[in-house]
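Reading through the structure tokens given below for one structure.
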Amino acid sequence: MTILDDGSICQWTRAGQPVGKPFSSDTECVLQIVVSPDGLMVAGRCGDGRVRLWNIKEGRLVGHPWEGHNDGVTCLDWSPNGAEVAGGSKDGTIRRWNPVTGRQIAPPIKGSDEYLWTIKYSPQSDKFASGGGDKVRVWSKDSELLIEVDELLVSSLCWSKDGAYIFSGSYDHTIRKWQSIDSKELAVVQGHTQRVRSLCLSPDGFHLISASNDYSVRIWDLETNQQVGDPLWHDDQVLAVAISSDGQYFASAIQGPDAKIYVWSLEAALKRASGVARHVQLHLEMCAS
């Protein structure tokens, strides 16, 4: 699923064909989306600062906008168990909603004195991490602050499969690996030359994929913390990267007048790095409104 230039939401097949008609909030453009773990619903932060919910199959809004944030939602994540959605705000607060009722499930958390740019649940849904202008913080589902990491200007977060480690992508071009239990820094992964915008982990937990303003997507071996093969180059800054649930494919997206989605074979990318395969890109599609 992607957001088109007009702020509506569109589904695509892996072959690059749109599925049904785009859908929107009718009144506000959509700025970010997160899909429920069962793939039936999508929540989106909208231009008016509120969060809305859609039924994907029917392409219709469900219920009323989710209220709470006073200064606009800047990031969203849906817990892997499907029980809640968390959102961070410009004012540094975190709110969590029950996606069935649209009501807040806990008092707001003061997550930062700065903008919050990213929020991410652990795979076990028992914790979530937030990052932005000052620190990375890990919270329990009871809103207790567990650890703080002195990492500035974090734009993306990702957990290891077992929840033991957190990866952060930052404005300083680095990816860092932390222990989630005590905030110990284990590795600084370098290679990108501009801001790291997005991170995702392969389902087997062996590889991390990163997207950056330097026009590249890169694959990292988590045993060695080294880059696998050459960068996968794009025509513009890469805003996001996401991997399929079976780990076979990952997608990357660039914005602008020639906005595109690229779909890649992870297996082919790894084989290319070892000299076995040459072609890894399966398809690219214009994201026109």
Main-chain N/O of S125 paired with S79 side-chain donor or acceptor, under 3.5 Å: no

Q32/C75 under side chain to side chain contact (heavy atoms under 4.5 Å, CB included): CA gap, chis, key distance, verdict: CA-CA 7 Å; Q32 181 194 357; C75 52; 4.3 Å; yes

Positive for salt bridge (Lys or Arg N to Asp or Glu O under 4.0 Å) with D77, one of K120, R96, R45: K120

4.5 Å side-chain heavy-atom contact, Y215 and D235: no

E223 side chain vs H207 backbone, donor-acceptor pair below 3.5 Å: no

Beyond-backbone contact of L40 with K57, side-chain heavy atoms, under 4.5 angstrom: no

Side-chain (S198) to main-chain (V241) donor-acceptor, under 3.5 angstrom: yes

Heavy atoms of other groups near I181 CD1, more than 12 under 6.0 Å: no

K110 (side chain) donor-acceptor with D91 (main chain) under 3.5 angstrom: yes

W159-F128 co-clustered via ILVMFWY side chain contacts under 4.5 Å: no

Side chain T118, main chain G131, donor-acceptor under 3.5 Å: no

V85/L53 under side chain to side chain contact (heavy atoms under 4.5 Å, CB included): CA gap, chis, key distance, verdict: CA-CA 11 Å; V85 174; L53 184 70; over 6 Å; no

Atom NZ of K141: over 12 foreign heavy atoms under 6.0 Å: no

same_hphob_cluster(L232, V196) at 4.5 Å side-chain heavy-atom cutoff: no

Expected output: side-chain T13 to main-chain Q17 donor-acceptor under 3.5 Å: yes

Verify same cluster id: W220, F206 (apolar side-chain graph, 4.5 Å): no

Polar side-chain atom of S212 near backbone of S216 as donor-acceptor pair, under 3.5 Å: no

Short side-chain donor-acceptor distance under 3.5 Å, D142 and S140: no

Under 3.5 Å: donor-acceptor pair, side chain of R218, backbone of G191: yes

Heavy-atom side-chain contact between P203 and D246 under 4.5 Å: no

